[in-house]
Protein chains: 2
Amino acid sequence: MLELDKIKYYRNYEAGQPVVWSGDQLDFVASVVTGIAALTQTMEDGRTQMVGLLLPSDFLGRPGREITSFDVTAVSDLTLCCFRRKPFEKLISATPNVSQRLLEMTLDELDSAREWMLVLGRKTAREKIASLIAIIARRESKLHLTRPEDGFRFELPLTREAMADYLGLTLETVSRQISALKRDGVIELLSNRQVHIPDFRTLLAETGDDADGGMPA
Amino acid sequence: MLELDKIKYYRNYEAGQPVVWSGDQLDFVASVVTGIAALTQTMEDGRTQMVGLLLPSDFLGRPGREITSFDVTAVSDLTLCCFRRKPFEKLISATPNVSQRLLEMTLDELDSAREWMLVLGRKTAREKIASLIAIIARRESKLHLTRPEDGFRFELPLTREAMADYLGLTLETVSRQISALKRDGVIELLSNRQVHIPDFRTLLAETGDDADGGMPA
DNA sequence: CGATTACTTTGATCCAGATCAACAAGGGGC
DNA sequence: GCCCCTTGTTGATCTGGATCAAAGTAATCG
């Protein structure tokens, strides 16, 4: 992959800044280095739905199609490692490994998207919130190499509004359900964003998923 | 692709029959020849959400992972063209074209899944129904090489319940909204399943999408 | 054919979550 | 510190779709 180094460069975005708008041409593909980006869709009347979260190491842009179908926005301060499209595409057509790796990543994303469809289509507001917190918790624990079963604490990277956009809810409902989970001892809040999970099993029980079902990314 | 012929065979399913259950080992990958299959997820308490529809030429199964994460069911009578997994995987690692083609198909499916997330998360029942009918209409028109703008008729391949599972609604709501669209002259029903669209634009206006936005598969 | 079973429509009622409306709590910047 | 501004909470009310309940229609089978 040494050739990649020759065509890569970095871009930085502040929290809230747009990376690309739906329908725009994206003349690069990129991988998230630090921070979080959100893929969202917006209807004419302003209703919006987040359709994906990009975390460090996630990939942005699809080889072979230069037009994005979703808005991409920096949720937190964001650094992207970008590759100019043309040389990148030449590279992947030359090296089968890259293409296979990309396929695998894409299939994982597809699985995640489909699992999220269950969340959006069938879960209650409380289950949605619990699911989202569980996903973030799982990721954090992976990052810090702790087992999520042990109680631990972390920071929610999303505003209440962003959570609402992700979950197909309103921000008021998000706030209320977080309060309810706190009242019921499922989670503890050290501050608005700082969450402590006393018992991960209890949280999982609130997601509505069976025992150890996988969760979307 | 001549080598593929050596390892392929056919399977038939009757409407309603399961193809695989979530968590089962899938020792083949396949492509739909005729009929329709549904990918669904089910919660412990029986709530189900359809997460994908497989139509003729769509692909089932992912190279590299033998366990399916979704139930697959025949919605109508179904014929699959199957490839035994091992030789198929050997083939795609040998021929970069196949792998690239698969990547492209998967990216398309991912886009579709994400567009469906907007439908599930933010659309009203009426918009959901209109969206579904528009999608099916579009497909049918593609199949018959007619432009969907011209009024035309076709058959809904799904029961009201299957539509409800796809749209995150109950079957009663589906029935009511179809009746409402009929009452308002957006669609005409020749029978339960036979739909006639007098004016495609009118239908599109009911989906909530802006003008010519792409629709999920 | 009539009967049984599956699918669909329609009605009445209920409730989870949306909407409308205040208000609290940070958190910079000056 | 104080003010402004963004973010979050909480309350009151409303409503779209769920739920519960009956019929109506169509396909299937003996």
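Each chain gets a letter, A, B and so on, in the order the sequences are listed, and its residues count up from 1.
Between the side chain of A:Arg85 and the main chain of A:Pro63, no donor-acceptor pair closer than 3.5 Å is present. Checking side-chain atoms of A:Gln49 against main-chain N and O of A:Asp165 turns up a donor-acceptor pair under 3.5 Å. Under the 3.5 Å distance criterion, the side-chain polar atoms of B:Gln41 are matched with a main-chain donor or acceptor of A:Arg114. Using modelled atom types, no side-chain atom of B:Arg160 and backbone atom of B:Glu172 make a donor-acceptor pair closer than 3.5 Å. B:Ser179 contributes a side-chain N or O that, together with a main-chain N or O of B:Ser175, makes up a donor-acceptor pair within less than 3.5 Å. No donor-acceptor pair under 3.5 Å is formed between the side chain of A:Thr73 and the backbone N or O of A:Val75.
Between A:Ile178 and A:Met163, the closest side-chain pair of non-hydrogen atoms falls below 4.5 Å. When side chains are defined from C-beta on, A:Phe152 does not count as touching A:His196, because their heavy atoms never get closer than 4.5 Å.
Near DNA chain D, meaning a heavy atom under 4.0 Å away, the residues from residues 177-194 of chain A are A:Ser179, A:Asn192, A:Arg193.
The side-chain hydrogen bond (donor to acceptor under 3.5 Å, both in side chains) contacts involving residues 16-35 of chain B comprise B:Gln25-B:Glu66, B:Thr34-B:Thr79, where partners must be two or more places apart or lie in separate chains.
On the nucleic acid side, DNA chain C contacts chain B at distances under 4.0 Å to non-hydrogen atoms, with the end points of that region at C:dT8 to C:dA12. In the 5' to 3' direction, nucleotides of DNA chain D lying under 4.0 Å from heavy atoms of chain B begin and end at D:dG17 to D:dC20.
Judged as a side chain to side chain donor-acceptor pair (under 3.5 Å), and not counting sequence neighbours, the contacts of A:Arg47 are A:Asp45, B:Glu127.
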**Request:** Could you give me the CA-CA distance, side-chain angles and deciding distance for B:Thr42 and B:Phe70, then say whether side chain to side chain contact (heavy atoms under 4.5 Å, CB included) is met?
**Result:** CA-CA 8 Å; B:Thr42 305; B:Phe70 312 103; over 6 Å; no
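Here the rule is salt bridge (charged side-chain N to carboxylate O under 4.0 Å, His left out) with A:Glu206, and of A:Arg126, A:Arg201, A:Lys123 only A:Arg126 fits it.
Note: B:Phe28 and B:Tyr9 have perpendicular aromatic rings, judged against thresholds of 30 and 60 degrees for the angle between ring planes.
Using a 4.0 Å heavy-atom cutoff across all strands shown, B:Gly16 reaches no nucleic acid atom at all. Looking at heavy-atom distances under 4.0 Å, A:Thr159 makes contact with sugar-phosphate atoms alone, never a base.
Note that the two end axes of the helix from C:dC1-D:dG30 to C:dC30-D:dG1 enclose an angle of 40°, each drawn from 5 base pairs, rounded to 10 degrees.
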